[in-house]
Amino acid sequence: LRNDNAVMQIPPSGASAFGRERSVQEMELNILMYLAVILVAGLLFGRLAKFVKLPNVTGYLVAGLVIGPCVLKILPETIVSDFSLISEMALAFIAFTVGLTFKRSYFKRVGFTPVVIAIFEAMVAVFLVQGALVAFGFDVEFALVLGAIAAATAPAATILVIKQYKARGPVTETLMSVVAIDDAVA
């Protein structure tokens, strides 16, 4: 039916507007259920990791592996890909947290040490991975790609471990700046 002000669509036979609303509500409930499963699994595995004297982040990683689409398949791959926005937001908060730890006085005190460490660490990782892959007979192109990936570090895990153990001192300060520089470059 057409009106001058709006277009009204008539649902196909057997369907109703209420049926579509219900499917949207069911979809929202599924997303909330999956989020709840993720949170509970993360909490349980984090506590289990702490119990065996490992960092909580180890439990979170194992929880993701176990409930994800590779092992128990509790979370389907479509849901994992739908949560990419949440992952991006979490990484943004982590990068912001790393940025908050920097002070101009720190860089005046330590100079270029974190930059040199970050560059050297990235180069060594790249060349070791590339060299090992070529030595084992992989294609050079494949070795180059994996070597480039090897330069990246995981700031989330580093920050979580530092915060969990309340680590302080010059090594922690240097580590935070190296991770930040490495993450910015990668």
Side-chain angles (χ1 to χ4, degrees), residues 15 17-103 106 114-115 117-118 121-122 125-126 129 142 144-168 171-186:
F18 294 112
R20 278 188 292 226
E21 274 183 35
R22 202 165 111 210
S23 66
V24 169
Q25 287 175 343
E26 286 174 3
M27 188 172 75
E28 289 173 357
L29 284 175
N30 280 342
I31 290 172
L32 288 175
M33 183 201 60
Y34 286 128
L35 277 174
V37 167
I38 290 170
L39 292 174
V40 168
L43 180 67
L44 291 175
F45 278 82
R47 297 286 177 169
L48 181 63
K50 197 173 193 178
F51 179 74
V52 295
K53 308 274 192 265
L54 291 172
N56 291 357
V57 70
T58 305
Y60 305 152
L61 292 170
V62 172
L65 178 68
V66 170
I67 69 170
C70 293
V71 178
L72 294 181
K73 298 179 173 114
I74 294 172
L75 296 176
E77 198 157 332
T78 56
I79 292 295
V80 173
S81 64
D82 288 345
F83 285 161
S84 63
L85 176 64
I86 294 172
S87 298
E88 292 292 325
M89 288 174 49
L91 289 174
F93 279 116
I94 290 164
F96 186 74
T97 301
V98 170
L100 288 175
T101 63
F102 292 141
K103 295 182 178 103
Y106 168 73
V115 175
I117 291 171
E121 174 266 330
V126 167
V129 168
F142 183 70
L144 289 173
V145 170
L146 287 186
I149 292 171
T153 58
T158 306
I159 291 170
L160 286 172
V161 171
I162 287 171
K163 287 189 179 225
Q164 179 179 346
Y165 292 108
K166 296 176 180 76
R168 301 269 185 257
V171 173
T172 302
E173 287 179 341
T174 304
L175 178 64
M176 288 291 286
S177 57
V178 167
V179 166
I181 292 166
D182 194 39
D183 194 45
V185 171

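In what follows, residues are counted from 1 in the order of the sequence shown. Atoms considered below: every heavy atom in the structure, side chains included; atoms not considered: hydrogens, waters and symmetry mates.
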Closest heavy-atom pair and its distance - P55, Y165: N-OH, 3.6 Å
Least distance between heavy atoms, D182 atom then A151 atom: OD2-O, 3.0 Å
Any residue meeting side-chain contact (heavy atoms from CB on, under 4.5 Å) with [X], in chain and number order, not counting sequence neighbours:
| X | answer |
| --- | --- |
| V178 | P114, I117, A118, T174 |
| F96 | L100 |
| L72 | V66, I74 |
| A156 | I94 |

Rounded distance [0.5 Å steps], CD1 in I149 versus CG in L144: 11.5 Å
Indicate yes or no: at least one non-hydrogen side-chain atom of [X] is less than 4.5 angstrom from one of [Y].
| X | Y | answer |
| --- | --- | --- |
| R168 | I162 | no |
| I67 | K73 | no |
| V80 | P69 | yes |

List, one per line, each side-chain donor-acceptor pair under 3.5 Å for residues 38-54, sequence neighbours excluded.
none

Residues forming a side chain to side chain donor-acceptor pair (under 3.5 Å) with Q164, sequence neighbours excluded: N56
Side chain to side chain donor-acceptor pair (under 3.5 Å) involving T58 - partner list, sequence neighbours excluded: none
Pairs of donor and acceptor atoms involving the side chains of residues 82-90, under 3.5 Å and at least two apart or interchain, shall be tabulated with distances.
residue : atom : partner : partner atom : Å
S84     : OG   : S81     : O            : 3.2

